[in-house]
Amino acid sequence: MNLLEKLERIKTRFDQINTQLSEAANTKDFEKIKNLNRERINLEDIIQAYDKYSNILKNMDGNKEIIAAKGDRDLIDFAEMELEELKIQKEKMEEEIKVILLPKDPNDDKDIIMEIRAGTGGDEAALFAGDLFRMYSRYAEIRGWKIEIIDISDTGLGGIKEVVFSISGKDVYGNLKFESGVHRVQRVPETEGSGRVHTSAASVAVLLEVEDVEIDINPADLKIDIFRSGGAGGQNVNKVETAVRMTHLPTGLVVQCQDERSQLKNRIKAMKVLKARLYDLKLKEQNDEQSAKRKSMVGSGDRSDKIRTYNFPQNRITDHRIGLTMYNLSNMMEGHIEELIEHLKIADKTEKLQAADVD
């Protein structure tokens, strides 16, 4: 099946959806309307591309007819010149359509749980972890997403040893799924008197929030400890045992939450993180099987991989997976990372297109 035939099939389905929406509106079948609308929205970009592509093909046919008629020479010259331009437009449009037709990651619309941990570098690594948390928080604010802290352990000096938080909104995973890995920073610490640049690191994990149907946890596999919250928080801190630590015995995964003053709320949040981590393990097993066939450059998500370097003295940020270097680090640390994320998306799509051609 060639590209045009694929597009015509999609156009036929799009027209069917519009007809079914009218019928469902008459019967007030709201569940059907919701499902049809969702499918229609997913096809809109393809239909717009199909309309442009069809128009280019029609114009090409019109110019070929003029040339074949062997009439007015000036008109033929103009048709030949326009035909060459249309051929370039056609090739460009076909590449765009191939990208649009790539199967969408079904998880792109899902919410996430993000974990940031200070790595090598002591206090400077903790300060950098805090900077990353601020960067992602500001990016979420720009996108209109909601952030909720699940657990945080700070150093008291503005740094963060570890922070676990959820982000919810439109296309959260689709935009942040390439952030998992080791982030390295190069800068002069405030405590460094000689002006020497130090290198520190922090790790980022992006976990999918999962539904109960996706991960089933046997209560017998859990060890739950209740303890008093630590850290800043006013008079109630350390007086009541509200903090929760969950240990999943089969895997040894440990999750704790002490951000809420309610033990029940901390239990719910801890369980949410545990399910996300278990689901992440499940995905990694599947990805390991797939990567034996094909290694993904962008989306491996291995948190042991160094993915990016933030060089403050040169205002430079480098993503090592796609070989991209940009000189606007100060702006990115304020949450303006959309351009970098777009480059990662393009690299991922290009990789998938190449893989599809090989297959």
Side-chain angles (χ1 to χ4, degrees), residues 38-39 41-42 44-45 99-117 132-151 163-183 202-215 253 255 268-288 290-291 296-305 307-308 319 321-322 332 335-352 355:
R38 187 184 296 118
E39 188 179 355
I41 289 168
N42 287 334
E44 280 178 347
D45 286 346
V99 171
I100 295 171
L101 287 174
L102 281 172
K104 187 182 177 185
D105 186 338
N107 292 321
D108 279 354
D109 294 331
K110 290 188 177 180
D111 299 334
I112 66 165
I113 291 171
M114 185 175 270
E115 303 176 348
I116 303 173
R117 292 182 177 84
L132 289 176
F133 176 52
R134 182 169 170 269
M135 180 183 78
Y136 290 123
S137 297
R138 294 208 167 184
Y139 177 61
E141 186 181 338
I142 291 167
R143 299 278 309 196
W145 296 337
K146 179 186 175 185
I147 280 190
E148 187 177 8
I149 294 176
I150 294 172
D151 195 36
V163 59
V164 182
F165 57 102
S166 63
I167 307 180
S168 55
K170 189 177 187 302
D171 294 330
V172 175
Y173 184 72
N175 283 281
L176 292 175
K177 61 184 175 182
F178 302 123
E179 295 304 296
S180 287
V182 174
H183 297 239
S203 66
V204 173
V206 177
L207 311 174
L208 279 164
E209 270 203 24
V210 294
E211 304 294 333
D212 289 342
V213 291
E214 294 171 292
I215 288 291
L253 287 174
V255 174
I268 292 170
K269 283 187 174 183
M271 181 61 77
K272 186 189 290 187
V273 176
L274 180 59
K275 285 180 178 178
R277 288 188 186 172
L278 287 170
Y279 189 67
D280 191 50
L281 281 177
K282 181 180 173 184
L283 286 180
K284 275 186 171 45
E285 289 174 4
Q286 295 172 357
N287 289 337
D288 286 344
Q290 293 170 1
S291 65
S296 173
M297 176 179 65
V298 179
S300 66
D302 188 341
R303 294 190 287 280
S304 65
D305 289 342
I307 65 166
R308 197 174 296 152
D319 195 287
R321 296 164 295 181
I322 59 175
M332 287 196 181
H336 299 287
I337 56 174
E338 51 280 329
E339 186 181 355
L340 173 60
I341 286 171
E342 199 57 37
H343 278 290
L344 289 164
K345 286 182 179 178
I346 291 168
D348 182 57
K349 286 177 180 177
T350 302
E351 189 178 281
K352 285 175 180 172

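Owing to the predicted nature of the structure, the values given are computational and were not obtained by experimental measurement.
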**OP:** Could you grab the distance from atom NE2 of H336 to atom CE of M135, nearest 0.5 Å is fine?
**Re:** 12.0 Å

Subject >> Qualifying side chain to side chain donor-acceptor pair (under 3.5 Å) pairs with a residue from residues 165-176, counting only residues at least two apart or across chains >> reply: N175-K345

Original post:
When you look at K146 and D111, which way does the side-chain contact (heavy atoms from CB on, under 4.5 Å) test go after all the steps?
Top reply: CA-CA 10 Å; K146 179 186 175 185; D111 299 334; over 6 Å; no

Original post:
Which distance, rounded to the nearest 0.5 Å, do you find between the CD of E115 and the OG of S180?
Top reply: 9.5 Å

Original post:
Atom CD1 of I113 and atom CD of E148: how far apart are they, to the nearest 0.5 Å?
Top reply: 10.0 Å

Original post:
Between atom CD of E141 and atom CD1 of I147, what is the distance when rounded to the nearest 0.5 Å?
Top reply: 8.5 Å

**OP:** Can you sort out the partners of I268 under side-chain contact (heavy atoms from CB on, under 4.5 Å), two or more places apart, ordered by chain and number?
**Re:** L264

Original post:
Do R321 side-chain atoms and F178 backbone N/O form a donor-acceptor pair below 3.5 Å?
Top reply: yes

Original post:
Which is it for I341 and L176 under the side-chain contact (heavy atoms from CB on, under 4.5 Å) test, yes or no, and what are the steps along the way?
Top reply: CA-CA 8 Å; I341 286 171; L176 292 175; 4.2 Å; yes

Subject >> Chi angles and distances behind the side-chain contact (heavy atoms from CB on, under 4.5 Å) call for K177, D105 >> reply: CA-CA 11 Å; K177 61 184 175 182; D105 186 338; 3.2 Å; yes

**OP:** Only counting residues at least two apart or in another chain, list the ones meeting side-chain hydrogen bond (donor to acceptor under 3.5 Å, both in side chains) with K272.
**Re:** none

Original post:
Are any non-hydrogen side-chain atoms of R143 and V172 less than 4.5 angstrom apart?
Top reply: no

Original post:
Who are the ring pair (Phe, Tyr, Trp, His ring centres under 6.0 Å) partners of Y279, not counting sequence neighbours?
Top reply: none

Original post:
What distance do R308 atom CZ and I322 atom CD1 have between them, rounded to the nearest 0.5 Å?
Top reply: 8.5 Å

Subject >> 4.5 Å side-chain heavy-atom contact, I116 and H183 >> reply: no

Original post:
Taking all atoms of both residues into account, what is the closest heavy-atom pair of K349 and L102, and its distance?
Top reply: O-CD1, 3.6 Å

**OP:** For D45, check side-chain hydrogen bond (donor to acceptor under 3.5 Å, both in side chains) against everything at least two apart and list the hits.
**Re:** none

Original post:
Considering only heavy atoms from C-beta outward, does the side chain of L283 approach that of L208 to under 4.5 Å?
Top reply: yes

**OP:** For the pair D151 and K269, find out whether any cationic side-chain nitrogen is under 4.0 Å from an anionic carboxylate oxygen.
**Re:** no

**OP:** Locate the shortest heavy-atom distance separating G335 from I142; write the atom from each residue and the value.
**Re:** O-CD1, 3.6 Å

**OP:** Would you indicate whether the side-chain heavy atoms of W145 and I112 approach each other to under 4.5 Å?
**Re:** no

Subject >> E39 atom CD: more than 12 heavy-atom contacts under 6.0 Å >> reply: yes

**OP:** Step by step, work out the side-chain contact (heavy atoms from CB on, under 4.5 Å) result for D319 and H343.
**Re:** CA-CA 10 Å; D319 195 287; H343 278 290; over 6 Å; no

Original post:
In chain order, what residues pass the side-chain contact (heavy atoms from CB on, under 4.5 Å) check against L253, with sequence neighbours excluded?
Top reply: H248, T251, L274, R277, L278, L281

Subject >> Aromatic contact, F165 with Y136 (centres under 6.0 Å) >> reply: no

